[in-house]
Visitor: 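Questions regarding the structure given below will be posed in turn.
Remember, it's 1-based here, ligands and their atoms both numbered in the order they're listed. Predicted, not measured: the structure shown is a model, and the values here were computed from it.
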Amino acid sequence: MRVAVITDVHANLPALEAVLEAAEAAGVEETWCLGDVVGYGVEPDACADLVRERCDVCLVGNHDLAVLGALDISSFSEAAAVAVEWTRENVGESTLEFLRTLEPSGEQEGIGLFHASPRDPVWEYVLSREQANAGMDSHPSRIGLIGHSHVALFFNRPEGEETGGTRGGQAGDGALLDLSRGGWLVNPGSVGQPRDGDPRAAWLELDTEAETACFHRVPYEIAMAADPIAAAGLPQRLADRLHIGQ
Ligand code: ZN
C-alpha cells in the first residue's frame with residue numbers, strides 16, 4: 001500500500017492543501033498524520049476539518065494537547081505559548097472534540113507511529129543517533145515514523161547492531177530510502193512550518209509492500225499563510241520563519 005505520511009501541519013491551510021493535492025496526484029491510497037494539526041498558524045478549524053476528512057489515522061501532538069489544556073505550556077517558547085493562547089481563543093468546539101479523541105502514538109501495518117519519539121511520544125526531539133537508538137530500543141516495530149522536530153530526516157540501524165552502526169541524516173526532496181533491512185526512524189518533515197532550511201511543505205511517500213520511502217517537498221504560496229499570522233497579532237517571527245524554513 002502507498003501511503004502519504006504528513007506531520008506538523010500547524011494550522012497552515014495553504015501548505016496542507018498543497019501537500020494533499022500532491023499526494024493525491026501521486027496516487028496514494030491512505031494518508032497518515034503524526035500530529036500537531038494546530039498551533040502557530042491561523043486556520044486551525046479548516047486544517048482540522050481537512051485532516052479529519054482526508055486522513056485515515058491522526059495522532060495528537062504537543063501543541064494540540066496544549067490547546068486542549070492537557071499539557072503545561074511553561075516549557076514552550078514564548079512565541080509558541082502565545083500561539084497556543086491565540087488558538088485557544090480562536091478554535092471551534094468541533095476541532096477540540098476531534099483533537100480530544102486522538103492519541104500521541106499508534107500503529108499501522110506493523111509500523112510504529114509517534115508524534116515525537118517512541119520513548120516519549122509527546123515531547124522528545126529525535127535529532128541524534130543516541131536518541132534514535134534509544135527510540136528504536138523502546139518499541140517493537142522495525143520501522144517507526146516520527147514528527148515533532150520539523151526536520152525531514154532518517155536514522156537506520158543495521159540488523160544485529162546495538163548502537164555503533166546507526167547512521168542518519170537530513171533528507172532532501174526526492175531522497176529515497178530502502179527500508180527493507182534494519183531498524184528505521186523516519187521523519188517526513190513539517191507540512192506547515194519546516195525548520196530544515198527548505199521552506200516548501202514536506203510529506204513522505206511510503207510504500208509498505210516495496211518497503212521504500214521517498215521524501216517530497218511541495219511549493220505553496222507562503223505569503224498566504226505568513227501574512228495572516230502577522231495580521232492576527234501573532235509574533236512577526238512566526239510569519240517570517242515560514243519564508244526561510246527555519
Ligand atoms: Zn510541531
Visitor: Can you count the protein N/O/S atoms lying under 2.8 Å from the Zn ion (ligand 1), leaving waters out?
Guide: 4

Visitor: Does E209 reach the main-chain N or O of M1 with its side chain, forming a donor-acceptor pair under 3.5 Å?
Guide: yes

Visitor: Donor-acceptor check, side chain of R88 to backbone of A66, threshold 3.5 angstrom: yes or no?
Guide: yes

Visitor: Using distance only, find each side-chain donor-acceptor pair of residues 15-30 under 3.5 Å and give its atom names and separation, not counting sequence neighbours.
Guide:
| from | atom 1 | to | atom 2 | distance (Å) |
| --- | --- | --- | --- | --- |
| E24 | OE1 | R54 | NH2 | 3.3 |
| E29 | OE2 | R2 | N | 2.9 |
| E30 | OE1 | W32 | NE1 | 2.9 |

Visitor: Is there a donor in the side chain of Q131 and an acceptor in the side chain of S128, or the other way round, less than 3.5 Å apart?
Guide: yes

Visitor: Under the side chain to side chain contact (heavy atoms under 4.5 Å, CB included) rule, what do L34 and V5 come out as? Steps first, then yes or no, please.
Guide: CA-CA 8 Å; L34 306 180; V5 186; 3.9 Å; yes

Visitor: So if I apply the side chain to side chain contact (heavy atoms under 4.5 Å, CB included) rule between V38 and each of D45, L99, V84, V51, which one comes out positive?
Guide: L99

